[in-house]
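Below, each value reflects all heavy atoms present in this structure, side chains not excepted, and no hydrogens, waters or symmetry copies.
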Amino acid sequence: MAIETPKAIRGTQDIFGAEAEAFAHVVETFERVRKLYRFRRAEMPVFEKTAVFSRSLGETTDVVSKEMYSFDDRGGESLTLRPEFTAGLARAFLTNGWQQHAPLKVATHGPLFRYERPQKGRYRQFHQLDAEIIGAAEPQADVELLVMADQLLHELGISDGVTLMLNTLGDAQSREAWRAALVEYFRAHAGSLSEDSQDRLERNPLRILDSKDPRDKPFTADAPKIDDFLSGEAQDFFGQVTAGLKAAGVDYVRAPALVRGLDYYRHTAFEFVTDRLGAQGTVLGGGRYDGLIETLGGAHTPAVGWAAGIERLAMLVADASIAREPEALVILPDGPSAILKASALAAYIRRRIPQLIKKIDRDRWNRDFAIDDASIDGTFADNDEMFGFAGGVELSFKHNQRKQFDKAKRDRASVIVTVRDDGDPSSRTMLVSSHRTQKDLALGALGMHSLWSLIEIELGESEYSLARDTRIILPE
RNA sequence: GCGAUCGUAGCUCAGUUGGUUAGAGCGCCGGUUUGUGGUACCGGAGGUCGGGGGUUCGAACCCCCUCGAUCGCCCCA
């Protein structure tokens, strides 16, 4: 009887290789930018009491009413796997006395769970980056978050084709008045609306504006505009947000129909949208949620935040082939007698490389900046590559020599070093086809190839003497 | 939750009026050759044709159910 291999759960993914590199690249870039903007790091549990989400998101929202992974634990308590970050973060803010840090700039990332129909860029276990400012009513907080999001996309190299869609929902009064006007307006045309929109009329009338159904289009154009219902304060607030964006040089498009799905949003609402991911075009979205903390029993605490889908960002990164698997220097023991020597060499190089990189960076720094301050403007761009080193040393231990060599090439080795035992007159080093392009080399990129040159010099006449008999095999 | 397309070796796929032991490339394992490893060649392992049921003398190919993926709707990151 054959043993059946259990299958992965629907909507989950196993990420590997280039995709995993892209995923990690997104997270690493986020961490760097988050520190740059001085957002503090937080980690929260993956599950909470169900009430944390049902109360803050709104009972009637799709997320709460049909997409949550909820279950009773052994004590009979209803728990839920987090479908989003904000509610759990708000709960943590209240239960840990984080109020003392307000306005608190926090960031986190990790897995979230939603029972939805899987599609490209949409999974049941998915991952988000998240940034929030809790306890700040100032529009400058909204601006800070948006500028940070914009920089993140730029640093990921995927800002082309991504547009910031911006809207305001006004304060609670403005939003309510607008909502009432919309209901009245659409109710007059209810008979002509799509079934979906007739349903939305009761549950979430704002969303009718977003409808893609051609039957709704004629009515959405003439629907009441939020701008006509904004209070003076709400107008002023939005004006300060847009002025802040202009001052920081962040482009946006006013999207009066943009409405976020969750009940807690007020004032600023925004999405960064791309047309390259089909129906899942929203890559980062968020807004202000001044009422949320109160729904969890806290004092009135204004807050803003956004979340971004790591999978979606990673797909854009992969399309732009920005993230590469690290290049390799491969060390092959040439026969069993050379195994120990090869591992000694690998250990030496691996320990030495971080110091060499520091030394190179320091030398370049001195060369570029110490000589002439006036040159600073021009040197930053030139030096982008020097911080991008991603290389590794692979010590091969497969027994078949031929396979070792073939595998090294498949793994895109920049340098292959074979090691033979002492006393073997044919001891030699081989440099095999550098896979870096001419352009990379011309830029003086810090690759495995150039690092190996330094190591060769260091080794000199040592016991390895690997630089002798060097042979270079040119790329095809 | 609704609609559409699809599901054949590890990967990419071929395989129609349903008919003998289901194929290719790449990968994997072994070997030969090449003046020392980028080549070429030989051989081998590996497939419940997503799963279950049905129609039929006989189905990878037809029908039903089911699971999964993809695309769209809904919703959202």
Is there a side-chain contact between Arg10(A) and the phosphate of A69(B), meaning an N or O under 4.0 Å from OP1 or OP2?
yes
Whole-Å gap separating C1' (C76(B)) and CG (Asn204(A))
12 Å
For Asp196(A) and C74(B), what is the distance between atoms CG and P respectively, to the nearest whole Å?
6 Å
With a 4.0 Å cut-off, would you call Arg254(A) and Asp227(A) a salt bridge?
yes
Is atom CZ of Arg40(A) surrounded by more than 12 heavy atoms (other residues, nucleotides or ligands) closer than 6.0 Å?
no
Heavy atoms of other groups near Lys225(A) NZ, more than 12 under 6.0 Å
yes
May I ask you to decide if the ring planes of Phe47(A) and Phe71(A) are parallel, tilted or perpendicular, using 30° and 60° as cut-offs?
parallel
Please state how far atom NZ in Lys217(A) lies from atom P in C73(B), giving the value in whole angstrom units.
11 Å
Atom CG of Leu57(A) and atom P of C76(B): how far apart are they, to the nearest Å?
11 Å
Using the C1' atom as the reference point in each nucleotide, state the distance between A4(B) and C41(B) in Å, no decimals.
48 Å
Between Val283(A) and Leu313(A), the two heavy atoms sitting closest are CG1-CD2, 3.8 Å
For C75(B), take OP1 and OP2 only and decide whether either is under 4.0 Å from a side-chain N or O of Lys66(A).
no
So, does the side chain of Arg312(A) form a donor-acceptor pair with the base of C76(B) at under 3.5 Å?
yes
In Watson-Crick or G-U wobble terms, both distances under 3.5 Å, what is the partner of C73(B)?
G1(B)
Please check the phosphate of A69(B) (OP1 and OP2 only) for any side-chain N or O of Gln119(A) closer than 4.0 Å.
no
Examine C71(B): is either OP1 or OP2 under 4.0 Å from a nitrogen or oxygen in the side chain of Arg117(A)? Give yes or no.
no
Report the distance from atom CZ of Arg122(A) to atom P of A69(B), rounded to the nearest whole Å.
12 Å
In whole angstrom, give the distance that lies between atom CG of Asp275(A) and atom P of G72(B).
13 Å
Arg207(A) has a side chain; which of C75(B), A4(B), A77(B) sits nearest to it?
C75(B)
Looking only at the side chain of Pro118(A) (C-beta and beyond, no hydrogens), which of the listed nucleotides A69(B), A77(B), C75(B) gets closest?
A69(B)
Figure out the CG/C1' separation between Asp14(A) and A69(B), and round it to whole Å.
14 Å
Side-chain N,O (Lys212(A)) to OP1/OP2 (G72(B)) below 4.0 Å
no
What is the separation between atom CD1 on Ile208(A) and atom C1' on C75(B), rounded to the nearest whole Å?
15 Å
Proximal nucleotide (of C74(B), C76(B), A4(B)) relative to the Asp62(A) side chain
C74(B)
